[in-house]
S.K.: 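Pasting a structure here, questions to come.
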Amino acid sequence: MRIKVKGKLIEKEVQAANYIELWKELFPDRPLPVAVKVDGEVKDIRSEVRGEEVEFLFEEEEALAVLRHSASHLLAQAVLQLYPGTKIGVGPAIENGFYYDFYREEPFTPEDLDRIEGRMKELASQDIEIKREVWPREKAINYFRERGQDFKIELIEEKTQGDVSVYIQGDFVDLCRGPHVPSTGYIKHFKLLSVSAAYWKGDEKRESMQRIYGTAFFKKEDLEAYLNFIQEAKKRDHRRLGKDLELFLVSEEIGPGLILWLPKGALVRSLIEDFWRQEHIRRGYQLVYTPHIADLGLWKISGHLEYYRENMFPPMEKDNLHYQLKPMNCPFHIIMFKSKLRSYRDLPVRWAELGTVYRYERSGVLHGLLRVRGFTQDDAHIFCTPQQMEEEILSTLFFAKDMLSAFGFEDYEIYLSTRPEKFVGTVQMWERAEKALKNALDRSGLPYEIDPGEGVFYGPKIDIKIKDVLGRTWQCSTIQVDFNLPQRFGLYYVGEDGARHTPIMIHRALLGSLERFFGVLIEHYGGAFPLWLAPVQVRVLPITDRNHDYANRIVEALKAEGFRAEADLRNEKLGYKIREGQLQKIPYLLIVGDREEREGRVALRVRGKGDLGAVSLEEFIAQARDKIKNKSTEL
RNA sequence: GCCGACGUAGCUCAGCUGGCAGAGCAGCUGAUUCGUAAUCAGCAGGUCAGGGGUUCGAAUCCCCUCGUCGGCUCCA
């Protein structure tokens, strides 16, 4: 058999019955691996030796998932010991850790979590063996029934046929496919993080379980780094920064999920919008504006009234007319498309709008700028022929990429979502559109994954999730093909053949919504915007009252050059003004005292770099202007 | 919408088993004129989220409503 150890292949005849023995045979002195990958499948190291190609896992992603899965079992074991009668649900490894779902009348408190974590540590230090056994179905059902573990019985009945595998560690038995680490002693560095509610099987009609989240790592440093990462993310929270930097406001008096853009945030927004408009015009889009409300009948035709009602604010009535606040911009663009006869020569038509929409999001899902009830989509609709579809998608992909990279986002995850179970249009149409999307993606050279069956009912789509500096992903850009609306509204164009054809409609948003994008942007930069976006680019700090005139003259000169500059003339010490300027994350602080005034220069202090000494104003302006022009993220 | 936690000055938070609403920062006034992350002093600032109840007495205990937060579900 061939055995791969850290990438190296070894050919060897083996006698060992299981992988622990095999490992000891090969490397008697080295610590045991966590799990083993046999022909691509991760397994327990206790399992029987078979298979062609074997790879021992130590600290790989796959090994970490095994560790965390085992940590979740350890959690369940501790909970059952401390809170007998608790019913256990499921406990998988997830992206940054693990969770386990429990059903119990009394809520778990933070103190309970400490207690549970303490018990987990005890159990881990006992280094209890974790064994896999295969039980006859009846035995497993009886075992869980005697212990009142109804959820486990439900799982056995639904998910398995024949015998079932269980994992046993001391007094704890769990229904599980595995794999797991060989003993609890492997689980050394972990922490329980939070408790929250989750429906059994994600179904609102089912029991509400208490989900305990935690994380686990192989190394202490990794755990600490992760906890540190959580702290860092908290510091960058756009809600915190939005308050500290006076960017935006959500007020109870206005209403939940409704954003007030304060002057500094509004300035950043207007810069984003200006850039956005300019780029759209440059790329052959036309800008349009549409109202915020429309006759209810429009939403009947579009189908929103029927399928989207619970997300819409209720209609309003006046003089027997009924109006609906818009949850989407599409129907407006469609009516404009219909307003005259279109020829194939007119296509593609690309209409873009910063369209403000209102959606009634459920109260529990609102979150800062990231999930709101009123927001402005950077929307556009492209009406084109089937032949043009691929080309349009490709150029939209590049557009999205350029747009995002202007804001410092260079990493993405791209997903192609294909036909779901419920869909409109014909299979043929879907295949054609999916092919166009796929070809465009292939031609773009951008890496992507296929998300089978995750398309919207009206068409397939491409979603781009951007990665921020902390590696978190955010869904912003989306490109969706729509077979539904052109049909519902009876859209057509006259083809080369003189006959009527239904155009392909592509919905796309590059930033998603200005609100969400701004929120992501704030977190990405931690509030320290690049020069071209900074609400205040330069602040001049005079050292004494004697230097006020000079400071004002500098500010005027900077303003004349188009900079957003201001002077801090308050009667405070320099250290204080610097501290404030830094906390406000202003890119450049220009300090002017008698010395600078005499020499006609400014002392430059750059965000993140500190005191850089005196330079002439002209020199500074030339440098800074360059950085603004290039949208540089460096200072 | 659901489960849990929370809501005290502009901000961050203290306020114990019920007994006169507090601190720091920010703000205002004055002093100080200062060289790279907080000068000093004084003043002002509150329907303790809102409503109802228990009590001689409620920020504190109970109920309801609203909002926020962590998740579930959903999504730009």
Side-chain angles (χ1 to χ4, degrees), chain A residues 99 101 103-104 106-110 112 193-213 237 239-240 243-244 246 249-257 308 310-311 327-329 355-357 359-379 456 463-464 474-478 480 507-520 541-548 570-584 589-596 603-607 610-614:
Chain A
Y99 67 77
D101 284 346
Y103 183 83
R104 176 169 173 260
E106 304 75 32
F108 288 117
T109 63
D112 290 335
L193 297 170
S194 65
V195 56
S196 66
Y199 300 109
W200 174 239
K201 293 184 181 163
D203 183 347
E204 282 182 43
K205 295 182 195 79
R206 296 296 308 266
E207 293 86 341
S208 184
M209 316 283 288
Q210 295 188 62
R211 176 169 295 177
I212 297 180
Y213 284 93
D237 190 314
R239 294 167 298 186
R240 175 81 257 144
K243 208 171 241 173
D244 290 348
E246 296 180 22
L249 193 67
V250 186
S251 162
E252 210 171 313
E253 287 168 285
I254 302 295
Y308 205 69
E310 60 185 37
N311 278 302
M328 293 189 187
N329 303 303
T356 303
V357 298
R359 297 183 187 172
Y360 189 83
E361 300 292 347
R362 301 166 102 186
S363 60
V365 307
L366 301 174
H367 182 96
L369 291 172
L370 301 178
R371 194 75 192 276
V372 296
R373 285 188 175 153
F375 57 99
T376 301
Q377 293 181 303
D378 71 313
D379 213 353
V456 204
D463 285 329
I464 304 180
W474 309 89
Q475 141 112 67
C476 292
S477 313
T478 181
Q480 311 183 347
H507 306 257
R508 50 111 280 199
L510 306 181
L511 309 177
S513 79
L514 290 172
E515 284 74 10
R516 177 176 290 181
F517 191 74
F518 189 41
V520 173
L541 314 182
I543 292 175
T544 75
D545 291 355
R546 288 192 300 282
N547 314 115
H548 280 194
R570 292 175 306 168
N571 178 10
E572 294 290 352
K573 286 187 162 175
L574 180 61
Y576 182 85
K577 293 186 187 181
I578 286 174
R579 181 182 149 81
E580 293 239 313
Q582 297 287 9
L583 290 176
Q584 291 294 308
L589 299 178
L590 301 183
I591 290 121
V592 294
D594 294 340
R595 205 157 62 220
E596 285 73 22
L604 176 61
R605 190 185 169 98
V606 180
R607 185 180 67 200
D611 183 5
L612 296 190

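A, B, ... follow the sequence lines: proteins, then strands. Residue 1 opens every chain. Just the heavy atoms: all of them, side chains too, but no hydrogens, waters or symmetry mates, feed the values below.
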S.K.: Could you list, one pair per line, each protein nitrogen or oxygen that sits under 3.5 Å from a nitrogen or oxygen of nucleotides 3-13 of chain B, together with the distance?
M.R.:
{"from": "U12(B)", "atom 1": "OP1", "to": "R240(A)", "atom 2": "NH1", "distance (Å)": "3.2"}

S.K.: For G30(B) and G52(B), measure between their C1' atoms and round to the nearest Å.
M.R.: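 Going atom to atom, C1' in each nucleotide, I get 48 Å.
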S.K.: Counting side-chain heavy atoms from C-beta on, which of C69(B), A76(B), U36(B) comes nearest to R359(A)?
M.R.: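 Nearest to the side chain of R359(A) among the choices is A76(B).
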S.K.: Please report the closest heavy-atom contact between R373(A) and P256(A), naming both atoms and the distance.
M.R.: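 Where R373(A) meets P256(A) most closely, the heavy atoms are NH1-CG, 3.6 Å.
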S.K.: Would you mind reporting whether I591(A) and E596(A) have side-chain heavy atoms less than 4.5 Å apart?
M.R.: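 Not in contact.
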S.K.: Figure out the CD1/P separation between I543(A) and U36(B), and round it to whole Å.
M.R.: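 Going from I543(A) (CD1) to U36(B) (P), I get 8 Å.
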S.K.: Any side-chain N or O of Y99(A) below 4.0 angstrom from OP1/OP2 of G70(B)?
M.R.: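 No.
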S.K.: Is there a Watson-Crick or G-U wobble partner for U55(B) with both distances under 3.5 Å, and if so, which one is it?
M.R.: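 By the stated definition (distances under 3.5 Å), nothing pairs with U55(B).
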S.K.: Decide yes or no for T356(A) and F375(A): does some side-chain heavy atom of the first lie under 4.5 Å from some side-chain heavy atom of the second?
M.R.: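 Side-chain contact under 4.5 Å: no.
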S.K.: What's the separation between atom NZ in K201(A) and atom CE in M209(A), rounded to the nearest 0.5 Å?
M.R.: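 Going from NZ on K201(A) over to CE on M209(A), the span is 10.5 Å.
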S.K.: Measuring only the P atom in each nucleotide, how far is A58(B) from A49(B)? A whole number of Å is fine.
M.R.: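 Here A58(B) and A49(B) have their P atoms 15 Å from each other.
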S.K.: If only side-chain N and O atoms of H367(A) are considered, is one of them under 4.0 Å from the OP1 or OP2 phosphate oxygen of G70(B)?
M.R.: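 For G70(B), OP1/OP2 do have a side-chain N/O of H367(A) under 4.0 Å.
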S.K.: Any N or O donor-acceptor pair under 3.5 Å from the base of G1(B) to the side chain of Y199(A)?
M.R.: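 Yes, a donor-acceptor pair under 3.5 Å.
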S.K.: Of all the nucleotides listed (A37(B), A76(B), U68(B)), which has the minimum atom distance to the side chain of P256(A)?
M.R.: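 Ranking A37(B), A76(B), U68(B) by closest atom to the P256(A) side chain puts U68(B) first.
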S.K.: Mind checking if E515(A) touches a base, just sugar-phosphate, or nothing, with heavy atoms under 4.0 Å?
M.R.: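 Since no nucleic acid heavy atom lies under 4.0 Å of E515(A), the category is nothing.
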S.K.: Would you indicate which nucleotide in U68(B), U36(B), C72(B) comes nearest to any side-chain atom of A198(A)?
M.R.: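 Out of U68(B), U36(B), C72(B), the nucleotide with an atom closest to A198(A)'s side chain is C72(B).
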S.K.: Suppose you measure atom P in G57(B) against the same atom in C13(B); what distance do you get, rounded to whole Å?
M.R.: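 So the two P atoms sit 34 Å from each other.
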S.K.: Is R239(A) salt-bridged to D237(A), cutoff N-O under 4.0 Å?
M.R.: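 So R239(A) pairs with D237(A) through a salt bridge.
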S.K.: Between G613(A) and G512(A), which has a closest nucleotide on RNA chain B that is more 5'?
M.R.: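 Checking each residue's closest nucleotide, the 5'-ward one belongs to G613(A).
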S.K.: Would you tell me if any nitrogen or oxygen in the side chain of R508(A) comes within less than 4.0 Å of OP1 or OP2 on A76(B)?
M.R.: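 For A76(B), OP1/OP2 do not have a side-chain N/O of R508(A) under 4.0 Å.
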S.K.: For A59(B) and C66(B), measure between their P atoms and round to the nearest Å.
M.R.: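 Taking atom P in both A59(B) and C66(B), they lie 24 Å apart.
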S.K.: Less than 4.5 Å apart, side chain to side chain, heavy atoms only: is that true for R508(A) and D378(A)?
M.R.: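 In short, these two side chains touch, coming nearer than 4.5 Å.
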S.K.: Counting C-beta onward and ignoring hydrogens, is there a side-chain heavy-atom pair between R516(A) and W474(A) closer than 4.5 Å?
M.R.: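 They are not in contact (no side-chain heavy atoms under 4.5 Å apart), so the answer is no.
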S.K.: For R211(A), which contact category applies under a 4.0 Å heavy-atom criterion: base, sugar-phosphate, or nothing?
M.R.: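 Since only primed, P, OP1 and OP2 atoms lie under 4.0 Å of R211(A), the category is sugar-phosphate.
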S.K.: Taking atom C1' of A37(B) as reference, at what distance in whole Å does atom CG of L541(A) sit?
M.R.: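 Answer to the nearest Å: 12 Å.
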S.K.: Between A37(B) and A41(B), how far apart are the two C1' atoms, rounded to whole Å?
M.R.: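 23 Å, rounded to whole Å.
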S.K.: Is there side-chain contact between T376(A) and E515(A), with at least one heavy-atom pair below 4.5 Å?
M.R.: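 Of all side-chain heavy-atom pairs linking E515(A) with T376(A), at least one is under 4.5 Å.
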S.K.: Sticking with atom P, work out how far G70(B) lies from U12(B), rounded to a whole angstrom.
M.R.: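 That atom pair is separated by 14 Å.
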S.K.: Taking for each residue the nucleotide of RNA chain B with the nearest heavy atom, is it L604(A) or D545(A) whose nucleotide lies nearer the 5' end?
M.R.: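 First, find each residue's nearest nucleotide; the 5'-ward one identifies D545(A).
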S.K.: Can you name the residues that form a side chain to side chain contact (heavy atoms under 4.5 Å, CB included) with A614(A), not counting sequence neighbours?
M.R.: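 A614(A) satisfies side chain to side chain contact (heavy atoms under 4.5 Å, CB included) with R601(A) once adjacent residues are dropped.
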S.K.: Supply the atom-to-atom distance K577(A) NZ to R605(A) CZ, rounded to the nearest 0.5 angstrom.
M.R.: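 Reported value, rounded in 0.5 Å steps: 14.5 Å.
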S.K.: Starting from P on C74(B), measure out to OH on Y308(A) and report it in whole angstrom.
M.R.: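 So the two atoms are 13 Å apart, to the nearest Å.
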S.K.: Is there a side-chain contact between L604(A) and L590(A), using heavy atoms and a 4.5 Å cut-off?
M.R.: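 L604(A) vs L590(A): side chains touch.
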S.K.: Measure from the side chain of R579(A), starting at C-beta and using heavy atoms only, and say which of A76(B), U36(B), A37(B) lies closest.
M.R.: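 Of A76(B), U36(B), A37(B), A37(B) is nearest to the side chain of R579(A).
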S.K.: When rounded to the nearest 0.5 angstrom, what is the spacing between CD in E207(A) and CH2 in W200(A)?
M.R.: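 Nearest 0.5 Å value for the CD-CH2 distance: 8.5 Å.
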S.K.: For D378(A) and A76(B), give me the distance from atom CG to atom C1', rounded to whole Å.
M.R.: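 Going from CG in D378(A) over to C1' in A76(B) covers 9 Å.
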S.K.: Base, sugar-phosphate, or nothing for E596(A), non-hydrogen atoms under 4.0 angstrom?
M.R.: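 Base contact.
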S.K.: What's the closest nucleotide to the R605(A) side chain, out of A76(B), A37(B), G35(B)?
M.R.: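 Comparing A76(B), A37(B), G35(B) against the side chain of R605(A), the answer is A37(B).
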S.K.: With a 4.0 Å cut-off on heavy atoms, is G575(A) in touch with a base, just the backbone sugar-phosphate, or nothing at all?
M.R.: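 The residue G575(A) makes sugar-phosphate contact but no base contact.
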S.K.: Any donor and acceptor pair, going by atom type alone, linking the side chain of E572(A) with main-chain N or O of L574(A) inside 3.5 Å?
M.R.: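 Not confirmed, E572(A) side chain does not pair with L574(A) backbone.
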S.K.: Sugar-phosphate atoms are those with a prime plus P, OP1 and OP2; base atoms are the rest. Using that split, label each nucleotide of nucleotides 23-30 of chain B B, S or - for protein heavy atoms under 4.0 Å, 5' to 3'.
M.R.: ---SS---
S.K.: Can you tell me the Watson-Crick or wobble partner of A5(B), both distances under 3.5 angstrom?
M.R.: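 Partner of A5(B): U68(B).
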S.K.: Rounded to whole angstrom units, what separation is found between the CD1 atom of I464(A) and the P atom of A76(B)?
M.R.: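 About 14 Å, once rounded to whole Å.
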S.K.: What distance separates Y213(A) OH from D101(A) CG, expressed to the nearest 0.5 Å?
M.R.: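 These two atoms lie 7.5 Å from each other.
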S.K.: In whole Å, I'd like the distance from the CG atom of N547(A) to the P atom of C34(B).
M.R.: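 Computing the N547(A):CG to C34(B):P distance gives 10 Å.
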S.K.: Taking the same atom, P, in A5(B) and in A9(B), what whole-Å distance lies between them?
M.R.: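 Approximately 22 Å lies between the P atom of A5(B) and that of A9(B).
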S.K.: Any N or O donor-acceptor pair linking the side chain of R206(A) to the base of C2(B) at under 3.5 Å?
M.R.: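 It does not, because no donor-acceptor pair links the side chain of R206(A) to the base of C2(B) below 3.5 Å.
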S.K.: Which is true for G202(A) with a 4.0 Å heavy-atom rule: it touches a base, it touches only sugar-phosphate, or it touches nothing?
M.R.: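 Sugar-phosphate, no base atom in range.
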S.K.: Give the rounded distance in Å between these two atoms: NE2 of H548(A) and P of C34(B).
M.R.: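 That distance rounds to 12 Å.
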S.K.: May I ask you to say what R595(A) touches in the nucleic acid, namely base, sugar-phosphate or nothing, with a heavy-atom cut-off under 4.0 Å?
M.R.: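 Base contact - R595(A) has a heavy atom under 4.0 Å of at least one base atom.
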S.K.: My understanding is that a pair needs two contacts under 3.5 Å, Watson-Crick or G-U wobble. By that rule, which nucleotide pairs with G42(B)?
M.R.: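 In the structure as shown, G42(B) has C28(B) as its Watson-Crick or wobble partner.
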S.K.: Using Watson-Crick or G-U wobble geometry with both distances under 3.5 Å, which nucleotide pairs with U12(B)?
M.R.: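 Answer to the pairing question: A23(B), which forms a Watson-Crick or G-U pair with U12(B).
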S.K.: Just call it for N311(A): base, sugar-phosphate, or nothing, with non-hydrogen atoms closer than 4.0 Å on any strand.
M.R.: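 Counting heavy atoms under 4.0 Å across all strands, no contact is made by N311(A).
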S.K.: Which part of the nucleic acid, if any, lies within reach of V357(A) when heavy atoms closer than 4.0 Å are counted: base, sugar-phosphate only, or nothing?
M.R.: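 The answer is nothing, as V357(A) stays clear of every strand by at least 4.0 Å.
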S.K.: State whether R362(A) places a side-chain N or O below 4.0 Å from either non-bridging phosphate oxygen (OP1 or OP2) of C2(B).
M.R.: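 For R362(A), the contact criterion (side-chain N or O under 4.0 Å from OP1 or OP2 of C2(B)) is not met.
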S.K.: Expressed as a whole number of Å, how far does the P atom of G22(B) sit from that of C43(B)?
M.R.: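 Taking atom P in both G22(B) and C43(B), they lie 14 Å apart.
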S.K.: Go through A37(B), A76(B), C72(B) for me and flag the one nearest to the V365(A) side chain.
M.R.: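 For V365(A), the side-chain atoms sit closest to C72(B).
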S.K.: Starting at CD1 of I212(A) and ending at P of G71(B), how long is that distance when rounded to a whole Å?
M.R.: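 Nearest whole value for this atom pair: 15 Å.
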